[in-house]
Each structure stands twice: as structure tokens, then as C-alpha cells.
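Before any comments, here is the structure.
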Amino acid sequence: MLKTTTHNTMHNNLKAADPTTFNDIFTQLQQHYGHLPWWPADTEYEMMVGAILTQNTNWKNVEKALANLAGHLTGKIAPQQILAMPLDTLAQLIRSSGYYNQKAIKLKALTLWYQKYDFDISQARCIEGATLRIELLAVNGIGPETADSILVYALDKPFFIIDNYTRRILHRIGFELPTGYDKLRLLLEQNIPRNITTYQQYHALLVEHAKRYCTKIPQCQHCPLYCCCQKNIE
DNA sequence: TTCCCGCTAA
DNA sequence: TTAGCTGGAA
């Protein structure tokens, strides 16, 4: 006879994080979506620019902004040109990404940080991940999610990216999630093998899944995680 | 009207 | 803890 502990009842049968479950989720998503070509960008610098532009913004609008920038700069988006450009001009070019005045300032700040490494990604990659993370967080306009995105997709440093999608999916599946960005990040990093390829792909899968099935109003019918999910919907 | 791969300032 | 930042698509 199974006994339900009062502890379980009080916490609505929430799951504890464990490596096997996270591995299962990864496998299921991987089988469904296959390998995803993330992050979409021609250069590491463009990746970082995209990370700023997509803050609380639909990626489609970011693509337009990136295309505008590339057009104005006749080709590839170079950090030197971003620094040289007047703030207003930059702001107008990225208008479609929203918060354009703020983001223009943020792009300048990001680029000034990058200049420290001569705009050379291989130089930046020589620095330890934890150090780079502190540096990025000190840049105006770069918070934890943007920092970790840059670390994972441009600098090849393994930090688990936490975004709304990650929280939404894991919450619905039924995990007890700590409040606070770093608490959840550390929890996942302790339960998922810390290698860069896995972290790149895992985050990509979560985002894709949140857009296809685990949307604001979830489409559970043909969800690849249907069986292991408690459908813990508000 | 709501929702987008958030962050800062206060 | 939350107002403010902002355009574009659904």
C-alpha cells in the first residue's frame, strides 16, 4: 500500500529535480525536434547583438532590425561601425526591435566591452567563463539571461540559460522550482552534464518547444512531453 | 488587445 | 517589487 505523505500533498506532488528526469526530457525533445541550428547568426558579434535586441521582443522583429543594420553597413555587422555610428542613427535602424533608444545604448555598451578583446572572439574565449560572466553582468543592459546566452552561444562557456520558457515548461511538467535566476540555474547545472554542446542544444530545444506546444495557452494534444508532464497549468 | 528568447532604476 | 521602455504580429 502506497502512503501519501502530508509533505507531498501540501506541495501538490511536485517533482524533485534529478539527472534522470532531465536526461529523459532532453531525449524526448531531441527525438522530436532533432538538432537545431542555434543561435542563428553569421558571426559571434552578430549573435551578441541579437541577444540584446531580442530582450522581451519577438525574434521576427529582431531579424528586421538585423537586416536593417546589415543593409546600412553594407554587409556584415562590424563592431567598429556600431561604435562609430551616432546613437540616433543606430536607434532608428533597430527601431523594429522595440525599446530602440535603450537598446542602442546597450549595443554601444556591449561593443565597448568587446573592444577590450580587440573584437576578437578567440581572445575573449581565453578568459575563464566565470570571469566573463561577471564582466558581462557589469555591462549596462546585460542581465543574467542575456549574459548566459552570450556565454553559451558566442563564448562557448557552459551556463544553463534560464528564460521564461524554461520556467514555464519545467513548472508545467511539475518541478518544484526555486525563485531567483541563479538558484534555478545552479539547480539545472547540478543535474545536467555541464558540457557546452548539451547546454546549447538543451536551451534551443526548450525555446522551440515553448513556441510550438508549451505556449502561453498550451497545445497539449500532440506534445512530445505529454506522458511525463503533470500539466501543471496555472 | 496581448504577447514577444529582459533589464534598469528606484 | 514594479513602472517604464517600444514596435510589430496575431
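Since this is a predicted model, take the numbers as computed values, not measurements. Below, read A as the first sequence line, B as the second, and so on, with proteins coming before strands; counting in each chain starts at 1.
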Examine distances only and state if a side-chain atom of R133(A) and a backbone atom of D148(A) form a donor-acceptor pair shorter than 3.5 Å. no
Below the 4.0 Å mark, does dG7(C) have OP1 or OP2 next to a side-chain nitrogen or oxygen of Y100(A)? yes
N61(A) CG - dA9(C) P separation (whole Å): 6 Å
OP1, OP2 of dG7(C) versus side-chain N and O of K103(A): anything below 4.0 Å? no
D182(A) CG to dC7(B) C1', in whole Å, measures 15 Å
Assert: residue with more 5' nearest nucleotide on DNA chain B, out of G141(A) and T54(A), is T54(A)
Under 3.5 Å donor-acceptor, K103(A) side chain and A91(A) backbone: no
Interatomic distance at P, dT6(C) relative to dA10(B), whole Å: 16 Å
What about the rings of H203(A) and F159(A), do their centers lie closer together than 6.0 Å? no
Quick check on dC4(B): is either OP1 or OP2 less than 4.0 Å from any side-chain nitrogen or oxygen of R168(A)? yes
Does T57(A) place a side-chain N or O at less than 4.0 Å from the phosphate oxygens OP1/OP2 of dT6(C)? no
Please measure how far the C1' atom in dT1(C) lies from the corresponding atom in dC4(B), and state the result in whole Å. 22 Å
Picking from dT8(B), dC4(B), dC7(B), the nucleotide nearest the side-chain atoms of N140(A) would be dT8(B)
For dG4(C), is there a stacking contact with Y99(A), counting only centres under 5.5 Å and planes under 30°? no
Is the distance between the ring centroids of F22(A) and F160(A) under 6.0 Å? no
Stepwise salt bridge (charged side-chain N to carboxylate O under 4.0 Å, His left out) test for K116(A) and E135(A): CA-CA 11 Å; K116(A) 200 160 74 171; E135(A) 286 187 9; 3.2 Å; yes
N101(A) vs dT6(C): side-chain N/O to OP1/OP2 distance below 4.0 Å: yes
Classify the nucleic acid contact of K211(A) as base, sugar-phosphate or nothing, counting any heavy atom under 4.0 Å across all strands shown. base
Can you check the distance between dC7(B) and dA9(C), where both ends of the measurement are the P atom (answer in whole Å)? 24 Å
Counting the atoms with a prime plus P, OP1 and OP2 as sugar-phosphate, which does V139(A) contact under 4.0 Å by heavy atoms, base, sugar-phosphate, or nothing? sugar-phosphate
Looking at A51(A), is its backbone amide N or carbonyl O close enough to the side chain of T54(A) to form a donor-acceptor pair, meaning the two atoms are under 3.5 Å apart? no
For G143(A), answer base if it contacts any base atom (sugar-phosphate contacts may also be present), sugar-phosphate if it contacts only those atoms, and nothing otherwise; contact means non-hydrogen atoms under 4.0 Å. sugar-phosphate
Nearest whole Å is fine: how far is dG7(C) C1' from L66(A) CG? 15 Å
Mind checking if I142(A) touches a base, just sugar-phosphate, or nothing, with heavy atoms under 4.0 Å? sugar-phosphate
Check the distance between dC4(B)'s P and N164(A)'s CG and give it to me in whole angstrom. 8 Å
Heavy-atom nearest nucleotide on DNA chain C taken for K64(A) and for N56(A); more 5' hit belongs to N56(A)
From CD of Q102(A) over to C1' of dC4(B), roughly how many Å is that when rounded to an integer? 17 Å
Whole-Å distance between dT1(B) P and N58(A) CG? 20 Å
Taken to the nearest whole Å, NZ/K106(A) to P/dT8(B) is 6 Å
Gap between atoms CG and C1', on L53(A) and dC4(B) respectively (whole Å): 14 Å
